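Naming convention: chains lettered A, B, ... in sequence-line order (proteins, then strands); numbering from 1 in each chain. These values consider heavy atoms only, across backbone and side chains, with no hydrogens, waters or symmetry-generated copies. All values reported here derive from a predicted model rather than from experimental measurement.
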Amino acid sequence: MRLDEAFYERDTVTAARELLGCTLVRRTEAGVIRVRLTETEAYKGGEDPASHAFRGVTPRNGLMFGSCGMLYVYFIYGMHYCMNIVAHEPGGVGAVLLRGAELLEGEALVRANRPGVPDKALLNGPGKLAKGLGIGLEWNGRNLLSDRELWVERDPSGALLPSEASPRIGISKGQELLWRFTPKENTAP
DNA sequence: CCGGCGATCCTCT
DNA sequence: GAGGATCGCCGGC
């Protein structure tokens with residue numbers, strides 16, 4: 001069941017937490033890639049100093065102020081792309097960075113995008129995830145509510161994955177906010 | 001397994 | 001002109 005506008009049009013932090021365990025689907029002419037999201041981060045508007053939207057609208061970040069469910073892609077460090085999904089309360093500002101996933105289906109297609117990479121390093125980072133799925137800047141602004149090549153699904157049962165909150169990675173401001181989400185560790189007996 | 005470092009160029013001040 | 005929502009390689013333990 002594809003995530004709809006109601007899923008994304010809520011508090012950005014809640015959306016980030018509940019995206020964990022959902023399935024990101026990329027359909028290509030050569031086949032389908034399906035991955036399970038295992039790491040997400042929330043970025044808000046004016047109150048969040050780590051956010052691209054912290055200082056208001058710029059040519060790059062405009063999507064974060066707009067319709068929920070749109071893909072926001074940006075280029076970083078001169079060589080990587082990062083995928084975000086716009087999610088915020090009505091009239092709000094924010095997006096969820098997709099930081100990592102595990103492969104469910106379409107291994108050959110992913111490996112074609114990331115040749116020679118060990119299993120553990122296939123999709124465990126935002127740049128790696130975008131590369132593995134073949135997502136670049138030309139995908140910026142795609143509507144994941146209706147797109148035929150890219151969307152997010154969840155289990156119809158609506159069961160939520162137990163999650164753990166931690167500081168976001170790679171930021172210099174806003175480290176006190178625990179807006180990074182990963183699946184809860186299995187605590188050994 | 002972990003930390004340091006260089007690559008590389010876009011974005012905003 | 002500085003810094004960045006990163007990655008992969010290298011060396012050390």
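- OP1 or OP2 of C:dA5 lies within a sub-4.0 Å distance of a side-chain N or O belonging to A:H52.
- Judged by distance alone, with hydrogens and angles left aside, the side-chain atoms of A:N61 form no donor-acceptor pair with the main-chain N or O of A:M64 at under 3.5 Å.
- Here the P atom of nucleotide C:dT6 and the CD atom of A:E41 are 7 Å apart, to the nearest Å.
- Of the listed nucleotides (C:dA5, C:dG4, C:dC7), C:dA5 has the atom at the smallest distance from the side chain of A:M64.
- Distance A:H80 NE2 to B:dC10 P: 14 Å, rounded to the nearest Å.
- Within 4.0 Å of A:I171, counting heavy atoms only, lie sugar-phosphate atoms of the nucleic acid but no base atom.
- Protein atom CE of A:M79 is 14 Å distant from nucleotide atom C1' of C:dG3, rounded to whole Å.
- Atom pair A:L123:CG and C:dG8:P shows a separation of 11 Å (rounding to whole Å applied).
- With hydrogens and angles left out, the side-chain atoms of A:S166 and A:R180 include a donor and acceptor closer than 3.5 Å.
- Nearest nucleotide to the A:P126 side chain, out of C:dT6, C:dG8, B:dT13: C:dT6.
- Distances were taken from every side-chain heavy atom of A:R60 (C-beta onward) to each of B:dC1, B:dT11, C:dT6; the shortest belongs to B:dT11.
- Closest to the side chain of A:F75, out of B:dT8, B:dC10, C:dC7, is B:dC10.
- With the nearest nucleotide of DNA chain C identified for both A:M83 and A:A121, A:M83 has the one nearer the 5' end.
- If you check distances only, the side chain of A:Y74 does reach the base of C:dA5 with a donor-acceptor pair under 3.5 Å.
- The nucleotide whose nearest atom lies closest to any side-chain atom of A:P59 is, among C:dG8, B:dC1, B:dC12, B:dC12.
- Using a 4.0 Å heavy-atom criterion, one finds that A:R180 contacts no nucleic acid atom at all.
- For A:F54 and B:dT11, the CZ to P distance is 21 Å, given to the nearest whole Å.
- A salt bridge does not link A:E153 with A:R2: none of the charged nitrogens is closer than 4.0 Å to a carboxylate oxygen.
- Among the atoms of the strands shown, none is found under 4.0 Å from any heavy atom of A:R168.
- In this structure, C:dG8 and B:dC5 make a Watson-Crick or G-U wobble pair, each of the two defining distances being under 3.5 angstrom.
- As rounded to whole Å, 15 Å separates atom P of C:dA5 from atom CD of A:E39.
- Spacing between atom CG of A:N84 and atom P of C:dT6 amounts to 11 Å, rounded to whole angstrom units.
- When side chains are defined from C-beta on, A:L150 counts as touching A:L144, because their heavy atoms get closer than 4.5 Å.
- For A:S172, whose side chain is taken as the heavy atoms from C-beta onward, the closest listed nucleotide among C:dA5, B:dT8, C:dG4 is C:dG4.
- Here the CE atom belonging to A:M83 is positioned 11.0 Å from the CG atom belonging to A:N140, to the nearest 0.5 angstrom.
- A salt bridge between A:R36 and A:E102 is present, with a side-chain N of the basic residue lying under 4.0 Å from a carboxylate O of the acidic one.
- Here A:Y43 counts as stacked on C:dA5: its ring centre is under 5.5 angstrom from the base ring centre and the planes meet at under 30°.
- B:dT8 atom P lies 14 Å from atom NZ of A:K131, rounded to whole Å.
- The shortest distance between the side-chain N/O atoms of A:K128 and the OP1/OP2 oxygens of C:dG8 is below 4.0 Å.
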